**Student:** 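Okay, here's the structure, questions in a sec.
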Amino acid sequence: MINSNGKLVKDEEAVIAINNRGYAYGDALFETIRVNSGSILFWEDHYFRLMASMRILRMQIPMQFTPEFLEEEILSMVEKNGLTNATARVKLIVNRVSGGLYTPDSNEVEYTIVVSSISSGFYTISDQKYEVTLFKDHYVVADLLSTLKSNNRIINILGGIFAKENSFENCLLLNSNKMVVEALNGNLFLVKGSTIKTPPLSDGCLRGVLRTQLLKILKKLPDYEVEEASISPFELQKADELFITNVVTGIQPITKFRKKEYDTVISKRILGALNARIRLGD
């Protein structure tokens, strides 16, 4: 079942109009949310990121879009799909209503909620190889719009095709200043000694929800110094560890970039701290 602007629709009957602005112009935002046993992980971060993004895109926020209303809508769809006692992946899409060409007739919005299942209740790390490369055909613009989770993800799509055609598990994206920004599906963290770095939002990386959570966790671990600073391609081969983060996968260690192979010791330690935070409901 799918929630289409408050109405329940069977998957096979769900359609969008040809003039849907999310489809026609990429005039839409989305949140990818993880729900464990009927509990939304990091809901506050998701909600406030969505509200901030809607304001930046000058979308009119409906009065009903309270945290409680959207949370109830999400959990209701999880229940309708029989996943209340399981782990679910939820995609909440908000698009501007149809009308107009580039300039919309209205800034009002509509929403869709789609739910699917995830096998593992807590975050885990696989010991399988995970090799990445740089995607240099196109670059991320280092500006505010690049930090939003919008439907304008053509660079990520082309990077995914490039990775698949060349037998890589993922690609790392560069911004227009030739700095490493993020992976195709998440934020990037670099470990060198006791320093853990991640690109700053000013470089154009996504304002990731798990990125926000990990920065909070890392600042409480006295063994590490945390930096939000630009990462050059040269630094990648000097790092001890690299890992990618998103709310669905958790932490994905990179095992190889070019000829450099990486440890996963720190990644696994941080994953333990993340799962502990989830257990405590923090």
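We number each residue from 1, following the sequence as shown. Here the structure is a predicted model, which means the values were calculated and not measured. Basis for what follows: all heavy atoms, side chains included, without hydrogens, waters or symmetry-related copies.
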**Student:** Give a yes or no on this: more than 12 heavy atoms of other residues, nucleotides or ligands lie within 6.0 Å of atom CD of Glu227.
**Tutor:**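 More than 12 within 6.0 Å, yes.
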**Student:** With a 4.0 Å cut-off, would you call Glu228 and Arg211 a salt bridge?
**Tutor:**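 So Glu228 pairs with Arg211 through a salt bridge.
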**Student:** Take a 6.0 Å sphere around NZ of Lys260 and say whether it holds more than 12 heavy atoms from other residues, nucleotides or ligands.
**Tutor:** yes
**Student:** Decide yes or no for Thr147 and Ile56: does some side-chain heavy atom of the first lie under 4.5 Å from some side-chain heavy atom of the second?
**Tutor:** no
**Student:** So, Lys192 and Glu235, do they make that salt bridge, N to O below 4.0 Å?
**Tutor:** no
**Student:** Specify whether Phe65 and Phe69 have parallel, tilted or perpendicular ring planes, treating 30° as the upper limit for parallel and 60° as the lower limit for perpendicular.
**Tutor:**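 Aromatic pair Phe65/Phe69 classed parallel.
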**Student:** When you compare the side chain of Tyr262 with that of Phe257, does any pair of heavy atoms fall below 4.5 Å?
**Tutor:** yes
**Student:** Report yes if the side chains of Leu210 and Asn246 come closer than 4.5 Å at any heavy-atom pair, otherwise no.
**Tutor:**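 Leu210 does not reach Asn246 side chain to side chain.
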**Student:** Provide the closest heavy-atom pair for Ser98 versus Asn19 in the form atom of the first, atom of the second, distance.
**Tutor:** OG-O, 3.1 Å
**Student:** Check this for me, if you would: do Asp127 and Lys268 make a salt bridge, where the nitrogen-to-carboxylate-oxygen distance has to be below 4.0 angstrom?
**Tutor:** yes
**Student:** Where do Arg96 and Tyr25 land on the side chain to side chain contact (heavy atoms under 4.5 Å, CB included) test, with the steps shown first?
**Tutor:** CA-CA 10 Å; Arg96 218 179 310 258; Tyr25 298 105; over 6 Å; no
**Student:** For a side chain to side chain contact (heavy atoms under 4.5 Å, CB included) check, start with the C-alpha distance between Val247 and His46, then their side-chain angles and the critical distance, and finish with the verdict.
**Tutor:** CA-CA 10 Å; Val247 294; His46 280 293; 4.0 Å; yes
**Student:** Main chain of Val181, side chain of Asp203: is a donor-acceptor contact present, judged purely on distance under 3.5 Å?
**Tutor:**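 Checking the backbone N and O of Val181 against the side chain of Asp203, no donor-acceptor pair under 3.5 Å is found.
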**Student:** Count the heavy atoms belonging to other residues, nucleotides or ligands that lie under 6.0 Å from CD of Gln237, then report whether that count exceeds 12.
**Tutor:**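 Correct, the count exceeds 12.
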**Student:** Evaluate the side chain to side chain contact (heavy atoms under 4.5 Å, CB included) criterion for residues Asp27 and Asn151: first the C-alpha distance (whole Å), next the side-chain angles of each, then the deciding distance (0.1 Å), finally the verdict.
**Tutor:** CA-CA 7 Å; Asp27 191 3; Asn151 279 24; over 6 Å; no
**Student:** Calculate, to the nearest 0.5 Å, the distance between atoms OG1 and CG belonging to Thr84 and Leu75 respectively.
**Tutor:** 8.0 Å
**Student:** So, Asp137 side chain and Gly159 main chain: donor-acceptor pair closer than 3.5 Å or not?
**Tutor:** no
**Student:** Do Phe162 and Thr133 have side-chain heavy atoms sitting under 4.5 Å apart?
**Tutor:**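 The answer is yes, as the side chains (C-beta and beyond) meet within the 4.5 Å cut-off.
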**Student:** Under 3.5 Å, is there a donor-acceptor pair between the side chain of Asn20 and the main chain of Gly22?
**Tutor:** yes
**Student:** Side-chain contact test, heavy atoms from C-beta onward, threshold under 4.5 Å: evaluate it for Asn95 versus Tyr23 and give yes or no.
**Tutor:** no
**Student:** Would a single hydrophobic cluster contain both Ile16 and Leu92, if residues Ile, Leu, Val, Met, Phe, Trp and Tyr are joined by side-chain heavy-atom contacts under 4.5 Å?
**Tutor:** no
**Student:** Quick check: are there more than 12 heavy atoms from other residues, nucleotides or ligands sitting under 6.0 Å from CG of Asn166?
**Tutor:**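 Check passes, neighbour count above 12.
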**Student:** Just wondering, more than 12 heavy atoms not from Arg207 lying within 6.0 Å of its CZ?
**Tutor:**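 Not buried by this count: 12 neighbours or fewer within 6.0 Å.
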**Student:** Has the side chain of Arg34 got a donor or acceptor atom that lies under 3.5 Å from a matching backbone atom of Val90?
**Tutor:** no
**Student:** State, without any angle test, whether Ser146 and Asp143 hold a side-chain donor-acceptor pair at a distance under 3.5 Å.
**Tutor:**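 Per modelled atom types, Ser146 and Asp143 side chains form a pair under 3.5 Å.
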**Student:** Using atom types as modelled and distance alone, determine if a side-chain donor or acceptor of Thr212 lies under 3.5 Å from a backbone N or O of Gly208.
**Tutor:**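 Here the side-chain-to-backbone pair exists.
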**Student:** Atom CG of Asn187 and atom CD1 of Ile244: how far apart are they, to the nearest 0.5 Å?
**Tutor:**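 With rounding to 0.5 Å, CG (Asn187) is 10.0 Å from CD1 (Ile244).
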**Student:** Mind checking the CG-CE spacing from Leu29 to Met54? Nearest 0.5 Å is all I need.
**Tutor:** 7.5 Å
**Student:** Can you check whether Ser232's main-chain N or O pairs, donor with acceptor, with Lys178's side chain at less than 3.5 Å?
**Tutor:**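 Pair absent, no side-chain N/O of Lys178 close to backbone of Ser232.
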**Student:** Could you check whether any side-chain heavy atom of Val35 comes within less than 4.5 Å of a side-chain heavy atom of Ile74, counting everything from C-beta outward?
**Tutor:** yes
**Student:** So, Thr255 side chain and Tyr130 main chain: donor-acceptor pair closer than 3.5 Å or not?
**Tutor:**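 Yes; at least one donor-acceptor contact below 3.5 Å.
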**Student:** For the CD atom on Glu12, are there more than 12 heavy atoms of other groups (residues, nucleotides or ligands in this structure) within a distance under 6.0 Å?
**Tutor:**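 Counting other residues, nucleotides and ligands, CD of Glu12 exceeds 12 neighbours.
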**Student:** Atom NZ in Lys91, atom CE in Met77: separation rounded to 0.5 Å?
**Tutor:**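 It is 15.0 Å, given to the nearest 0.5 Å.
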**Student:** Going by heavy atoms in the side chains, are Leu145 and Asn152 under 4.5 Å from each other?
**Tutor:**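 No, their side chains stay 4.5 Å or more apart.
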**Student:** Would you say the side chain of Leu41 lies within less than 4.5 Å of the side chain of Ile33, judging by non-hydrogen atoms?
**Tutor:** no
**Student:** With rounding to the nearest 0.5 angstrom, report the OG1 to CZ distance, Thr245 to Phe189.
**Tutor:** 4.5 Å
**Student:** Check whether any side-chain N or O of Arg21 sits under 3.5 Å from a backbone N or O of Gly99 as a donor-acceptor pair, and report yes or no.
**Tutor:** yes
**Student:** Looking at Lys216, I'd like to know if its NZ atom is crowded, meaning that more than 12 non-hydrogen atoms belonging to other residues, nucleotides or ligands lie closer than 6.0 Å.
**Tutor:**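 More than 12 heavy atoms, drawn from other residues, nucleotides or ligands, come within 6.0 Å of this atom.
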